[in-house]
Amino acid sequence: MAPRWFLAVLLVGSAAHADDKPDPLAQRVGEEANLDPLELRRGIVASVAIGPAITVGGGGTGAGGALNLAFGTVAGPRSVFWLELGGSAAAHKVMGNVELNQYTHVLLAAQFYVQPALYTRIGGGFGSYACKKCRDPDDDMNITPVDYNRRGPAGEFALGVELVHFHMFALSFEGGGVTTLTRQGLILGLRSGLVLSID
């Protein structure tokens, strides 16, 4: 039979070991708080972005607003693939009248998180520019404003930072641009604004 002092040492050691175990609830809360923001997303995601925009080139430079809709899927631990549908309207004056030039694009893009809340996005697709009452870039001698459309391959670059992530919603601030290559030259659309994404 073991001596009483030996049994006492075993009991004290067991009690001390039990006290060292972390509280399961506190451990779970801590793990969720330390999750990478992207790890909170799964499957299909969608986003809408709105903000100011500037269009340069194409004979009708102007400022206005932009709207961008995107649907995508989480592709990996730090990447998202997007299908983007976007456009902007830039106002310019012609003989006292305000005209709106429309710049639209359809893109496939890949978004990469370089930090938990910092991301960059690159994409490619198709862009279209409709200029209303603009000077014809194909005829320097003609000063009469004309309407024309320019189309071609387009590329995108954007940089954003996630400001808030709450459950299935995330709010980010983003800036970037879409460039379209046409036979008449380059058209650049710059935009910035807030992005609301849902997963």
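All values derive from a computational prediction rather than experimental measurement.
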side-chain contact (heavy atoms from CB on, under 4.5 Å) partners of [X], counting only residues at least two apart:
X	value
T104	S128
A110	F81, F112
F157	T120, I122
L181	P153, L186

Tell me the closest heavy-atom pair linking [X] and [Y], and the distance in Å.
X	Y	value
T55	S88	OG1-OG, 3.9 Å
R150	I187	CB-CD1, 4.0 Å
Y119	V161	CE2-N, 4.0 Å
V45	W82	CG2-CH2, 3.5 Å
Y129	N101	OH-ND2, 3.3 Å
T180	A154	OG1-CB, 3.6 Å

Which residue pairs pass the salt bridge (charged side-chain N to carboxylate O under 4.0 Å, His left out) test when at least one of the two sits in residues 164-186, sequence neighbours left out?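 Qualifying pairs: R121-E174, E174-R191.
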Separation of [Y] [atom2] from [X] [atom1] (nearest 0.5 Å):
X	Y	atom1	atom2	value
T179	L188	OG1	CG	4.5 Å
Y113	Q111	OH	CD	4.5 Å
I198	I44	CD1	CD1	13.5 Å
T182	R151	OG1	CZ	11.0 Å

With a 3.5 Å cut-off and sequence neighbours excluded, list the donor-acceptor pairs that the side chains of residues 68-76 form with protein atoms.
from, atom 1, to, atom 2, distance (Å)
N68, OD1, H105, NE2, 3.2
N68, ND2, E84, OE1, 3.3

Grouping I, L, V, M, F, W and Y whenever their side-chain heavy atoms are under 4.5 Å apart, do V114 and L159 come out in a common cluster?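 Hydrophobic grouping puts V114 with L159.
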Side chains of V195 and V48: does their closest heavy-atom pair fall under 4.5 Å?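 In short, these two side chains do not touch, never coming nearer than 4.5 Å.
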